[in-house]
Each structure stands twice: as C-alpha cells, then as structure tokens.
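All values derive from a computational prediction rather than experimental measurement. Each chain gets a letter, A, B and so on, in the order the sequences are listed, and its residues count up from 1.
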Amino acid sequence: MKGHMGKILRLDLTNLNTKEINTSEYEEFVGGHGLGSAIFFDAVKDKTISAFHPDNVITMMTSPLCGTLAPATGRIELNGISPQPYPTEWYSRSNFGGRFSAMLKYAGYDGIVIEGKADKPTWINIVNEDVEFKDAESLWGLDAWETQEEIWTDVSGNSTSVDEREWYQTERGRDEGRTTQKPAVATIGAAGENKTRSGAIIHDAGNGAGNAAFGSVWGSKNLKAISVLGTKSVEVANPSALLKSREWAEDNYNNQESDPKPNWGSGVGAFGGVPGAEGFGNIAEEQVRPQGCVSCHRCTRKRTESGHGNESGCVDFLFYDVHDEQKHGGPTKETAKAGDLSQRYGINVYFLEEGINYLKHLHERGILGEGKEIEASLPWDELGNASFAKELIYKVSNKEGIGEDLAMGLPRAAKKWGRLEQDLNSGLLGLQYWGYPQHYDARTEVEWGYGSILGERDINEHDFNWVVYWQVSLAKLFGRNPPVKAEKLAKIIKDKTIPYNAVPNYSNEGIYSKNMAKLVAWHRHYTRFWKQSLQYCDWAYADFLNPYGPETRGITPEGETRFFNAVTGKDISFKEGMEIGRKIWNLDRSIWALQGRHRDQEEFAGYTYDVASWGPEISPHANYEVPYYMPVKEDGEWKYKNVASRSLDKEKFNEWKTKFYELEGWNTETGRPKRETLENLGLGKVADELEQKNKIE
Amino acid sequence: MVNRRDFLKGIAGGAGAAVAGFALGSLTDTIEKAEGRSFEEIKTMVETPPSEAYLLVDREKCAGCRSCMLACSLAHEGKENLSLSRIQVFEDPLAGFPDDLVQEQCRQCQYPECVAACPTGALSVDEVNGNVRLVDEEKCIGCQRCIEACDQINNPARAAWNHEDEYSLKCDLCIDTPHWEENGGPDGKQACVEICPVNAIKTTDQIPVQIGQKGYKVNLRGKNWEKLGFPSE
Amino acid sequence: MLEKDKKKEKDFNLSKPSEEQAKKILSEVGYGDKIAGVRMHAMAGNTKEPLGSLREVDNFLKAKAPGKLIKGQTSSVNYIDPNALSSWIKEVLGDSELAKKIEKNIDKEDDYRKQAKTIRKLIEKRIKQSRELISEN
Ligand code: SF4
Ligand code: SF4
Ligand code: SF4
Ligand code: SF4
C-alpha cells in the first residue's frame, strides 16, 4: 500500500538485536492500532502475563498517512499490556503527537516492536537503516528534557539552538540525504524508570503518552529512549489529489484568520478550531505562538516567551491551574511550571489531577497528613505553587514517603489504605472505569462511560462530546442559542454516522436504548480505525458540526476517506473503513477475553449508580446541578435538556449491555465474541486461540 | 521595503550605495550586512536582474507544522520528504518564543552566489520566468558547488541536495510543480503559501529588506491574529 | 447621576455589618460546611473544588473572567450555582442581606457570565466593607 514504508522494526532488548517484519504481512490492519493489535496477538503467546513481565511487548505504529500532508495525522499509536488499569492489567493503548511518527517513517519504518528486557539501561539510535543499541547509563536519572538535549547533540553533533542550525548528516548526505531536523526522541523520566504505574513517554517539550503508563513498561525493560532521524521519502499514490484535498479542507472546513469564530462552540473543536486553543500560555499573559504536530492544519498547542508550559496542553496544565488560581487569584506561571515538571518527570497528568483532589479531600478531612491515619508529609501551604507539585511528583516518581503508595496508582493505593470501596461508592474517589479518573461522566454523557467500560481505559475521544455536550451547555450557560437546534444536530449525526446512522438521544430512556448501542458501536469502530489506526487526531476528528463547513456540517466522513485514498491509492468507502474498525475492536475484545474479561466485570464504580452526577458529598451546600445540557427526544420532540441530576440504573444498564453484545455478535452471557462473528471478520485464527483457552462458547 | 526599480536605480550608483541607500529606513542600525554579506563584498559581485517575486516568512507567526515543507516536496517531487523541501522549518521545542523556531527560505538573492558558482549554467536567472533563480535538472552535474556557495552566506544553505534523484534543489517559486494542478511562478501560486494554515508565508514583488542571518523583517500578523490571543507587534 | 444608574447603584447597596458579623463573613469554614465550585473544561471534564470562604469564592469566579472566554482560548468555566451560593452565604456565613442581594440581582440575568460578574461585585464589596470595619476597631 502506498504510504507504507514497507518495514516494521523489531527491537529485541534481551539479545540486543533487530529483525524486520514486512508490513505487507499485516496489510489488512493498515496502521496504528490495527497493526499493533495484530502484531501483539502473534508476538505475545501468553496474554495473561503482567505488564512488567519481560515478555510483554510494546508496539509503536504509524499509519500510511503519517508524515504526509493529510491534515492532523502526526501521531503514533502505542499498544501493549498496561500497568495502569484496575483490577486487571488490560491490554491497552496510548498515543502521542509531535514529530516522532513522521520521522520514523522518514527513517524507513512503519512501526517499532519493543520486545524483551535489556540487562542495563539502554537507548536506541535509529538513523535510516542504522539501528544501534546504546548504553544509557549516563542518561538514566536525567529528566525527559535533559535526555533529549543530550541525544540531540550526540546524534547531530550540533548545537540545539535554532540560530546555529545546519544540515545534519552531511558526511553521508550525498547518497542518503541530509536533514535540518533534530532527531525525534521519545524518552521516559523518573516515573517510568522507577516503574510507578503512572510513567509517561515524552517527546519534544510536551507530547506524551500518559494514560496506560507505557513509560513504566519501558522502565521495566531498561529502555530509556528511542531516537529517530530519517531522510527517506514517503510514497504518495496521488500527490495532486492529496494537495487538492488539503486545499479543499483548508478552504471549506478550517478556521479562517480573516473570519475568526472562536466563540462558535468555544473555539476548541473540532476540525475548524482556532490555533492554540489547547495550549497554556496567554492565560498567564505571556507572548505565545501556536504550535502544531507535523502536518497539522490547526496547531492547537503553544510555545511561550519564558518557555514554561511549552507545548503543554489540556490536562498538562489543567491538573494544576485551579490550585494556582485559588492561591494567587488567577492563573500564573506556577501552573506552567507544574506542567513542565510533569513533562520532565514523565508522569501521567490524569493521575495528578485526580490524585491531588483526592489527597486534598483526605487531608481536609483529617485522614491524611503528618501523624494521621495515612501518614503523609506534603507542603499543603504551598498548594498552588509549583513547589507543591514538585514535592508530590518527586515523591511519587521516586517512591519516597507517601509516594511509595501513590506510585501504585490511585486504586491500588486506596485499596492499601482500606478506603477503595467506600470512596468509590461515595464518589470521593472519582475513578469511574477500570481505576481511571472519571473524565466525562457515564451518568450524563453515556457514550463516554459506556465506551470506557466496554474497553479498558478512559476512552478520551471527544467525537460526540463537543457537539452533544460542551457547545450546548456553554451556550445555555451564557444565555445564547446553541449552534444548531437539537433536531438538526440529531439529523446531522444520523447522516454522518455511516453505516449505523446513530441517533444521539440522551434522554433517560434513550441512554438504555438500542439506538445508544448503535451510537456506541459506531464510536468504537470509528475510533479504532479512522483515528487510532490512521492517526487522525482527536483535536480535529470526528467533525460533525463546523462553523465554516457548508450548512455548518463538518468534514466527517468525506475528509477521512478522501485523504486516505489520495495517499494510499485505494478506493475504500467510509463504510469499508468502519468494517476494519469493527474487526480491530473484535480483536481487542478477544485479547481481553484471553486476559479473563467477563461481562460481570463491566461495571462502573459504585457511585455511578448511587450518587447523582453533581458528585461527592462535601457538604450539604455542595450538591447542585451543574449545567449538563444534552440532546434528548421526549414525547416525539427533540430538545436540549439538563441531565445533570442523573445516576445510572444498574439493572437497565445491564439490559443495555445485552443489547450491545447482541449488536456486536458477542455471547450475551459472557460478553465474549462468538466464533461466527470472528470468522466473518477474517479472524478465524483468533477464534481458534479463544477456543483453545476455553474462552469461546 | 523598496521595489525593484528603486533597487536597480541604486545599483547604477554602486551596490554599496544602493544597499546603504535603502538601509536608511527604520533599520539603519540593524543592517550591517545584506544577503549575508558585507557591503564591501557586494560591491565586487556580479549584478543580476532582480527576481520578480520573493517569499516572505514570519518567524513569530509560524506554528512549526511543516505543512509547507510537505507541500513543497509533494508538489515538486510527488512524494513526502522533509529533506526534499525547498523551505526548511526547524525548532528547538525547549526554547522560549520567538527563539524556538526559524523558517528558512531561498531569498532569490540579488547577488546569487549559487548562480555564480554553478559551472554548467544549470543554475541560472530564468529571464523567461520572472528572473527566478532556477536549477535546470537536466544540466545539473551534481557538483554541489551551488550548495556550498549558498552555505557561505546562509546558514543553512537554501539550495539543497536531492539525494534520491541526484540533482540540486532550490526554491523556484513553484514554477515547476508537476504534481500540483495550480499554476505557480512569480505571477502564480506557491504551494507553501497556499497550504500554510496560519498564513505565515507570503509572496511580494518588492525587494524585501534583509537583516543578516535573521532573514527579513516581516510581520504577517494583524488584528485578527491578536483577537486569537497572539502578539501582533 | 442618571435615574437608572442610581437605581443600579441601589441594587448593590449593602448596609454596614456589625463587627461580629464581619468576622463571620470573613471566616474560613470547616470542610463539612464548604461550598463547591465546579471547574468545567471542554477537554478535561468537570472537577469539584471545595471552597471555604468568600475570598475563595471570589478567587474562583475571578480566575475565569468572561473576557478570556470570548477569546475562545481558555475553554473552561468556573461554575458555582448562584442559588446554592446565596443559601450558603445565608446559612453558613449568616449574611442574609448579601444572600438576598445576590438572589435579587441574578434573577434578572440568564447569562452566567453576567451573573458571575454581579456576584463578584457584591462579594468584593462585602469583603472590603468587613475588612475595613475590623481594621477600624
Ligand atoms: S539558493 Fe541561496 S544563494 Fe541562491 S538565491 Fe537562494 S538564498 Fe540566494
Ligand atoms: S549541483 Fe548542479 S546546479 Fe548546483 S552548481 Fe553543480 S551543476 Fe550547478
Ligand atoms: S514557493 Fe514553492 S518551491 Fe519555493 S519553498 Fe514554497 S513551495 Fe517550495
Ligand atoms: S506551514 Fe506555515 S505554520 Fe506550518 S511550518 Fe510552514 S510556515 Fe510554519
């Protein structure tokens, strides 16, 4: 397939040697997550091993689109057994952006498979065909930024400053090509080195794969960093069609400087969002620029004058800004500095966000502190200053003091403290699915919660989220009309969610309906292929509503298919892509079945069923409805309605699960895929393995 | 900025005077060199007819997405390769704005060292096409003298080596883009300009004021840019 | 002063509290008496922040000032339900006058940004008043 480089690099850390896989062997899985799952399935014989077992394999896969002009495809997908989920260490996924994915392709590879365990700290230097296992003794202990600076200088023999720039690789450049680019380095910090359950993989200033804690798996394998530099070409089947499609997208769907519409649905999502919308920066009154991953058309992050908060986005600083604001009366550089620390130590910011909140509640209740039931010495007076974040991050990353418990992750720490069940039932500890912090709430925005519990982590996919919740709720809150009426939104979503034509009815009946099963199925299949396998970014796709689009309609599904076909020379329809997504989703589901997944485990934390969505009991004054407007169809009428006071009905949710399993062709008793379903998807081999292990009925 | 005719007039009185002449604007202090050379050096150089268009880049606006590079490589070579792009953008992700990024484009120099260095005439001033400094791939023997010559005045060289098809590459303002349906060249469109999502590249027919290694003093940011929370000054 | 401005001014009038009242108004209440602020964010979801004093409430509302939202860059809102807030002020801080003024003023608005602005104006006035009173004596 055009767009593929043709080779996948296998790094055997145990024996310090490399092998290659021909990408064509796995071509049906196309890229990213699909390639990762298929290779993982073959490479890991016993799927029940723990995340830190040397036989665990981490795959890092690009797609045919990475490194091309297809907009917002600068990401790379990671797969493997994850130390983060609770109670089971599920096979999981993560993903990061920046330059790494494109550079890996320019070096000639569609992906990397990391296997085994080195007996001492090691880093890998890839320059085109040359792959070298290097001693990382002197890098071990350096933070993620220091490590990259060392490697940049080592590989390019050059200063890191842009004002002393040169073409690198001049001695081999005549035949192999030169580059002005820095090597792209992915690395871990202390949180990964010390095998906490929150170790992230960091690249450049602010790209990170945080959730799934694969950085800690690298740590367990003694792998400190991978550096790639390449000068090869990515072949494109139809260059002029790709250029034309990109111009079409720029002209019809991207934000226009001449006509900025940041207020239209908040300026954040999706395809046409304004530059810099995600990044930290001007909220602390600093001069900034927007910054984008390779090929991005909207460039959502920022770099700042001081360099603090460079490329940090979203939760990278949102985990701390509220504390900063409370201390200083507004956001200051302390938030950016806290973000920097999370990047340097390579620690998952979702863990920090929920962790700080939980610790604060326990502290204020007199349960946690010096000489308290849970012994912890933390500088609470400094909360809001970067020094508090530093103390906490340092302790967790180095397993010191209270950090020793927290390094196990929040669910395992709470369990050790004897608090897990009680705090999950009251909602004081907001871990809604598989020990992951509640992101969007299963009680209100069900597709987020359902997708997460049927999967293995917080899905972190904003496809529906922008349009069914955020844009609407914000408009209602500010006394404006939402961008479109509920009926029109429902129609657009129905039209665009090919081939299931899902109806976004979030009413009390709608959330348990077969329609919601169709919507969730569409979401699972769509993201598995179009996003996680092709690397279309969550900040741009899916695009249902777009302020610049014709009749405010977004680029989905035309865009996804158009760019893909131009690069690969295929002529697939959107529906065919969805079918590949269904196949990958069933493969994942089979891996989880082999790990012991059963429908009975697919239950949310207790508070989801018992506590209304306004959250945990702090005081009688803390329980009120937060505007959570969503489209509902009641008595035949579409409207937006506040659904904030809702909790889920366990019995109805379980009936819904049965409907969902039926729709997917899974056994309704166990939730595992049926042989027939797998065979129809061309996954007969997978069915055989399930049968061998008694996981198929 | 001065236009082409003013520049030519200046040249008639001696290159040094010409450059000093237009340096008398607001930038007198910052201009010690033009096109990476001292005025003394320029006096000794061969004069060529100025290009009819120039690429302008705004280092404080660029978002580092490399889309321009991908567009340049794709339009000309039909494949994606940052090493085959005639414009180069690179970053130090850890540095502070605006010292974290540069865009380096060919300046279509008034005194093109690359043209002067080429032994075969492969790199010449193309009078048919608006005096753009252009490589004729057929005539190029791959000696790379143009690259070395440009490297003497520009860091890094703006002429680059196509290692796959073995000839020298430099910005042709998109005159020869077999993989792009638009008409390029000084009077046409440029792929990088069209594709850049934040409008950080533009063309002009005025000879830009150049400040040594830092390139041009260009501000492509306006009121709307400021509305999005970015600096326009 | 225009008639309508005079009327507006009146909406924000607060009578002078006693010293005892002022102390209570400025106090920091215990965990079980706190009110919650909800930080809503487009990308990150909602989180709940316990707030224990008028100063904290003011900081919370101030941090996400309306102007920032118009720029579309900080896509978050710090939300406190105005009714919950007024009853907290009445019941926990014992300031029924402030509570009533808040209720009365926000009734006229359906834009939360404007409500938050009004609330802050009243709260800040009350804080200033109480502080002055305490430092006088
Ligand atoms: S290649 Fe170099 S010397 Fe030649 S015109 Fe461009 S910038 Fe000037
Ligand atoms: S490499 Fe080609 S274009 Fe450059 S100087 Fe040599 S012959 Fe001329
Ligand atoms: S004008 Fe054309 S040739 Fe020159 S850098 Fe831009 S895309 Fe490349
Ligand atoms: S396309 Fe524009 S924003 Fe992106 S790197 Fe090029 S000049 Fe910068």
Residue selection (most heavy-atom pairs with chain B, distance under 4.5 Å) from A:Met103, A:Gln291, A:Glu149: A:Gln291
Ranked by heavy-atom pairs below 4.5 Å to chain A, first place among B:Ser73, B:Gly142, B:Ser85 goes to B:Gly142
Backbone N/O of A:Pro183 and side chain of A:Trp152: donor-acceptor pair under 3.5 Å: yes
Top contributor to chain A contacts, counting heavy-atom pairs under 4.5 Å, from B:Pro98, B:Ala95, B:Ala63, B:Gly96: B:Ala63
What part of A:Asn310 is in contact with chain B, defined as an atom under 4.5 angstrom from a non-hydrogen atom: side chain, backbone, both or neither? side chain
Is A:Glu311 in contact with chain B via its backbone, its side chain, both, or neither, using a 4.5 Å heavy-atom distance? side chain
Between atom CD of A:Gln181 and atom CZ of B:Phe90, what is the distance when rounded to the nearest 0.5 Å? 7.5 Å
What part of B:Asp151 gets within 4.5 angstrom of chain A, counting heavy atoms only: side chain, backbone, both, or neither? side chain
Could you tell me which of B:Gln144, B:Glu182, B:Glu166, B:Glu194 has the largest number of non-hydrogen atom pairs under 4.5 Å with chain A? B:Gln144
Top residue by heavy-atom pair count (under 4.5 Å) with chain B, among A:Gly292, A:Gly98, A:Gly206, A:Gly307? A:Gly292
Hey, are the side chains of B:His76 and B:Leu84 touching, using non-hydrogen atoms and a 4.5 Å cut-off? no
Heavy atoms of other groups near B:Lys79 NZ, more than 12 under 6.0 Å: yes
A:Pro239, A:Cys296, A:Gly74: which one forms the most heavy-atom pairs within less than 4.5 Å of chain B? A:Pro239
For A:Glu247 and B:Trp180, does a side-chain donor sit closer than 3.5 Å to a side-chain acceptor? yes
Comparing B:Val89, B:Val102, B:Leu101 against chain A, the one with the most heavy-atom pairs below 4.5 Å turns out to be B:Leu101
Would you check if there is a donor-acceptor pair between the side chains of B:Ser67 and A:Arg246 at a distance under 3.5 Å? yes
Counting heavy-atom pairs under 4.5 Å with chain A, which one of B:Gly64, B:Ser83, B:Ala75, B:Ala160 comes out on top? B:Ser83
What verdict does the salt bridge (Lys or Arg N to Asp or Glu O under 4.0 Å) test give for B:Glu181 and B:Lys189, after you've listed the backbone C-alpha separation in whole Å, the side-chain angles of each residue and the deciding distance to 0.1 Å? CA-CA 10 Å; B:Glu181 286 174 13; B:Lys189 289 183 174 177; over 6 Å; no
Can you tell which of A:Ser295, A:Cys293, A:Ser101 makes a side chain to side chain contact (heavy atoms under 4.5 Å, CB included) with A:Cys66? A:Ser101
With a 4.5 angstrom heavy-atom cut-off, which part of A:Gln343 approaches chain B: side chain, backbone, both or neither? neither
Is B:Lys61 close to chain A through its backbone or its side chain, or both, or neither, when contacts mean heavy atoms under 4.5 Å? both
Tell me, side chain or backbone of B:Glu164 under 4.5 Å from chain A's heavy atoms, or both, or neither? side chain
Part of A:Glu250 within contact of chain B (heavy atom distance under 4.5 Å): side chain
Residue selection (most heavy-atom pairs with chain B, distance under 4.5 Å) from A:Val234, A:Thr179, A:Asp175, A:Asn254: A:Val234
I'd like to know which of B:Ala191, B:Ala71, B:Cys68 tops the heavy-atom pair count under 4.5 Å against chain A. B:Ala71
Among the options A:Val236, A:Asp204, A:Leu243, pick out the one with the most heavy-atom pairs lying under 4.5 Å from chain B. A:Leu243
Answer yes if the ring centres of A:Trp539 and A:Phe271 are under 6.0 angstrom apart, and no otherwise. no
Begin with the C-alpha distance, continue with both residues' side-chain angles, and end with the deciding distance and a verdict on ring-ring contact (aromatic ring centres under 6.0 Å, His included) for A:Trp248 and A:Tyr253. CA-CA 8 Å; A:Trp248 161 79; A:Tyr253 297 97; 5.3 Å; yes
So B:Leu55 and B:Cys106, do their side chains get closer than 4.5 Å, heavy atoms only? no
